[in-house]
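All values below come from the heavy atoms of this structure, side chains included, with hydrogens, waters and symmetry mates left out. Start at 1 and go down the list; that is how both ligands and their atoms are numbered. Numbering starts at 1 and runs along the sequence shown. A quick note: this is a predicted structure, and the numbers were derived from the prediction, not measured.
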Amino acid sequence: MSETLLKVEGIGKRFGGVQAVKNLSFDLKRGEILGLLGPNGAGKTTAFNMIAGHFAPDDGKIWLDGQDITGKPPWSVCKAGLARTFQLSKPFGGMSTRENLMVGTLVKTNDRAHSERKADELLDFLDLAYLADIDAETLTAFERRKVELGRALSTEPSLLLMDEVVAGATPQEALQMVELIKKVRDQGVTVLIIEHVMKVIMGLSDRVIVMHLGELMANGLPADVVRQPNVLKAYFGDDYVDTGA
Ligand SMILES: Nc1ncnc2c1ncn2[C@@H]1O[C@H](COP(=O)(O)OP(=O)(O)OP(=O)(O)O)[C@@H](O)[C@H]1O
Ligand SMILES: [Mg+2]
């Protein structure tokens, strides 16, 4: 089994006149948590969408576990072991929390009893068992985020892509989410996470990459990357002055 789980090589995507992602390459090691940083509009979600099969890259190649998944549709990429959460979480309305978690299990099984068992395991794992029979639409924003994570995990992925997991969460909830993602990794899932909240990224990532204007700008240990002058400039603009401090 190779150490590399995801390999992205030179992918690009253009929307009309906008080059949203340009010649992006990076690897993800098995068991790693990689943070994807970058200012608004840097191309992070577009990169995710290409990896998860929501649209095909114009250029480049993507491999998951040695399998070429370039341009494959989301269901096929999901079968190959990739799951994702979205920037905005929308549970299936009119369905209970448990049923929301059962849907994803159907990727791997047709057996309802097995599906229920898996959903119940996830309810425990996410600390949502007390909300199992509630209509998922009535959940709070943070509970929805957890259901969103659970739905992704219900497909039993080897790679989990998460887009802005603590947006709108209280600091306490953000901390809970960080602990939860660590637990997910401890279960053997590799994680690629987009997040603007520095504290979350710093506390969670083994390594970070930074995108700016569609391109890769930095790749390294979190503490090193956030000190790089070009990264600070990308975030804070030309007003940033490197004092060497
Ligand atoms: N479907 C689309 N059609 C046209 N332009 C798009 C589309 N999706 C993204 N873009 C453009 O591509 C660029 C990158 O957007 P993207 O959403 O990938 O950035 P992001 O890094 O995820 O930003 P944010 O931090 O705000 O979520 C932006 O200029 C955006 O306006
Ligand atoms: Mg985005």
Side-chain angles (χ1 to χ4, degrees), residues 6 8-28 33-62 64 69-75 77 82-91 141-142 144-146 148-149 151-152 159-169 173-174 177-178 181 191-205 207-220 222 225-226 228 230-240:
L6 178 75
V8 172
E9 206 171 84
I11 58 169
K13 183 76 193 173
R14 173 177 286 279
F15 296 111
V18 179
Q19 185 78 46
V21 173
K22 189 178 173 189
N23 195 24
L24 176 68
S25 301
F26 66 92
D27 286 356
L28 195 48
I33 299 181
L34 180 68
L36 173 51
L37 294 175
N40 290 121
K44 305 180 297 294
T45 299
T46 304
F48 258 41
N49 283 336
M50 286 190 276
I51 297 167
H54 291 277
F55 37 68
D58 299 330
D59 321 287
K61 288 263 172 214
I62 305 165
L64 178 64
I69 57 163
T70 319
K72 296 256 172 77
W75 60 266
V77 176
L82 183 146
R84 70 168 297 178
T85 64
F86 288 85
Q87 204 162 346
L88 294 169
S89 23
K90 275 187 247 149
F142 186 63
R144 284 174 183 222
R145 286 243 160 246
K146 292 213 281 185
E148 173 88 359
L149 170 60
R151 281 200 305 193
L159 175 63
L160 175 65
L161 267 47
M162 305 186 82
D163 199 348
E164 305 218 5
V165 279
V166 301
E173 289 169 342
M177 189 53 95
V178 165
I181 297 168
V191 180
L192 174 58
I193 179 172
I194 296 179
E195 185 52 68
H196 280 299
V197 180
M198 277 296 169
K199 212 170 160 194
V200 169
I201 283 289
M202 299 298 279
L204 201 54
S205 315
R207 186 164 58 94
V208 297
I209 56 177
V210 184
M211 288 181 72
H212 182 45
L213 301 174
E215 296 187 77
L216 188 74
M217 166 182 261
N219 182 350
V225 164
V226 295
Q228 275 184 221
N230 60 343
V231 171
L232 291 166
K233 258 204 174 109
Y235 267 93
F236 302 116
D238 285 332
D239 292 342
Y240 169 72

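Counting heavy atoms only, A20 comes closest to atom 13 (C) of ligand 1 of the residues G38, A20, G214. Nearest-residue assignment for atom 26 (O) of ligand 1 (options L213, N40, I194; heavy-atom criterion): N40.
Note on ligand 1: M211 sits outside its first shell, no heavy atom being nearer than 4.0 Å.
At a distance under 4.0 Å, no protein heavy atom can be found next to atom 30 (C) of ligand 1. Protein heavy atoms are found less than 4.0 angstrom from atom 18 (O) of ligand 1.
At the top of the distance list for atom 27 (O) of ligand 1, counting protein heavy atoms only, stands Q87 NE2, 3.1 Å. Considering only non-hydrogen protein atoms, atom 15 (O) of ligand 1 sits nearest to T46 OG1, 3.8 Å.
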Step by step, work out the side-chain hydrogen bond (donor to acceptor under 3.5 Å, both in side chains) result for D163 and T85. CA-CA 6 Å; D163 199 348; T85 64; over 6 Å; no
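Distance check, rounded to the nearest 0.5 Å: CD of Q228 to CG of N219 gives 9.5 Å. Between I193 atom CD1 and I201 atom CD1 the span is 5.0 Å, to the nearest 0.5 Å. Between atom CG of residue L216 and atom CG of residue N23 there is a gap of 9.5 Å, rounded to the nearest 0.5 Å.
Under 4.0 Å is where a charged nitrogen must lie from a carboxylate oxygen, and between D58 and R14 no such pair does. Salt bridge annotation for R145-E148: absent, with no cationic side-chain nitrogen under 4.0 angstrom from a carboxylate oxygen.
The N/O atoms of V18, backbone and side chain alike, include none that comes under 3.5 Å of an N/O atom in ligand 1. Of the polar atoms of F15, none of the N or O atoms is found under 3.5 Å from an N or O of ligand 1, judged by distance alone. Considering both main-chain and side-chain atoms, G43 comes within under 3.5 Å of ligand 1 through a nitrogen or oxygen pair.
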